Protein chains: 2
Amino acid sequence: MGHGRDGAAATTLAPAGVEAIARTMHALSTPSRVQLLLRLRVEPRTVGELVEDVGMEQSAVSHQLRVLRHLGLVVGERAGRQIRYRLHDDHVAQLLDEAVFHVEHLTAATPSE
Amino acid sequence: MGHGRDGAAATTLAPAGVEAIARTMHALSTPSRVQLLLRLRVEPRTVGELVEDVGMEQSAVSHQLRVLRHLGLVVGERAGRQIRYRLHDDHVAQLLDEAVFHVEHLTAATPSE
DNA sequence: TGAAAGTATGAACGAGCATTCATTCGTGTG
DNA sequence: CACACGAATGAATGCTCGTTCATACTTTCA
């Protein structure tokens with residue numbers, strides 16, 4: 001549906017593309033970052049607010065926000081003493097939505113190996 | 001568009017859900033697994049074929065296929081001496097498509113900083 | 001049945017990385 | 001201007017995990 005790229009469906013995708021996918025998906029590969037992103041999907045939040053939201057230490061939150069920032073998934077803007085973070089754009093929100101959606105519908109692996 | 005789950009959009013998603021997302025997305029967080037999945041999206045392949053496709057060692061391919069199997073993303077079926085792998089279902093193919101699509105359209109992080 | 005092809009498995013090694021602790025930087029406030 | 005608050009940074013640590021090497025398992029064939 002919709003985005004049926006077939007350049008991507010080629011026998012082997014460009015190595016650069018593969019690496020880019022892995023790098024971006026890596027952002028969603030840890031509970032802490034997923035939690036941060038999902039929280040930011042609801043509304044912009046300051047670092048301090050995020051710290052209380054997810055129950056991590058301030059330093060850990062800052063470190064992970066930096067990772068997400070460098071991946072272009074979130075942006076931070078100064079507001080007085082604090083810095084308010086938000087998702088970079090709607091693409092990120094969509095990516096999150098679809099990750100949630102698909103994971104919810106995956107058959108959760110066959111327990112019988 | 002489409003799957004607008006709002007249970008997922010709650011202030012904080014269920015911890016179990018967050019972990020599930022992270023675990024599944026972890027499968028797409030490494031170039032080797034992305035390469036394998038993208039190759040399998042085109043058509044089913046035996047282990048030996050995948051080894052030649054992606055240029056990894058047979059052992060490495062088997063190990064990564066096991067990871068993907070346990071996550072319910074691929075399934076393997078015996079065919080004589082060899083084992084033919086394929087994506088578990090269309091959900092996985094869609095997830096791959098959307099990962100490729102979104103990553104292609106992400107603004108690639110701010111080069112500054 | 002013995003050998004070879006195809007694949008899986010286990011141990012070991014090393015790199016990547018998430019977290020913590022301590023510190024520094026920037027910004028308001030008295 | 002000194003101080004408190006909010007956030008970022010750097011070093012250190014422990015763990016996860018991808019890869020390799022060696023080996024065992026399964027199936028086919030002579």
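Just so we're on the same page: letters track the sequence lines, and every chain starts at 1. Values in this document were obtained by computation on a predicted structure and should not be read as measured data.
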Less than 4.5 Å apart, any side-chain heavy atom of [X] and any of [Y]?
X       : Y       : value
A:His63 : A:Ser59 : yes
B:Ser32 : B:Val54 : no
A:Arg45 : A:Arg84 : no
A:Glu77 : A:Tyr85 : no

- Can you tell me if A:Asp89 uses its side chain to pair, donor with acceptor, with the backbone of A:Val92 under 3.5 Å?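 Present.
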- Kindly say whether B:Ala27 contributes a backbone atom to a donor-acceptor pair with the side chain of B:Arg33 at under 3.5 angstrom?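 Confirmed, B:Arg33 side chain pairs with B:Ala27 backbone.
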Where the side chain of [X] is concerned, which of [options] is the nearest nucleotide?
X       : options                : answer
A:Val47 : D:dA8, C:dG26, C:dT19  : D:dA8
B:Arg66 : C:dT9, C:dT27, C:dG6   : C:dT9
B:Ala60 : C:dA8, D:dG6, D:dT20   : D:dT20
B:Met56 : C:dT19, D:dT27, D:dT19 : D:dT19

- A:Ala79 or A:Val67: which one's nearest nucleotide on DNA chain C is closer to the 5' end?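 Between the two, 5'-proximity favours A:Val67.
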Under 3.5 Å, is there any donor-acceptor pair linking the side chain of [X] to the base of [N]?
X       : N      : value
B:Gln82 : C:dA5  : no
A:Ser59 : D:dT9  : yes
A:Gln58 : D:dA8  : yes
A:His63 : C:dT20 : yes
B:Ser62 : C:dT9  : no
A:Thr30 : C:dC17 : no

Between [N] atom [atom2] and [X] atom [atom1], what is the distance in whole Å?
X       : N      : atom1 : atom2 : answer
A:Glu57 : D:dA8  : CD    : C1'   : 15 Å
B:Arg23 : C:dA18 : CZ    : P     : 17 Å
B:Ile83 : D:dT27 : CD1   : P     : 9 Å
B:Glu49 : C:dA5  : CD    : P     : 17 Å
A:Leu68 : D:dA8  : CG    : C1'   : 15 Å
A:Gln64 : D:dT9  : CD    : P     : 13 Å
A:Glu77 : D:dG6  : CD    : P     : 19 Å
A:Arg45 : D:dA7  : CZ    : P     : 11 Å

- Less than 5.5 Å between centroids and less than 30° between ring planes, does B:His26 satisfy that with D:dT16?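 No; centroid distance or tilt outside limits.
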Return no unless some side-chain N or O of [X] is found under 4.0 Å from OP1 or OP2 of [N].
X       : N      : answer
B:Arg69 : C:dT7  : no
A:Tyr85 : D:dG6  : no
A:Arg33 : C:dA18 : yes

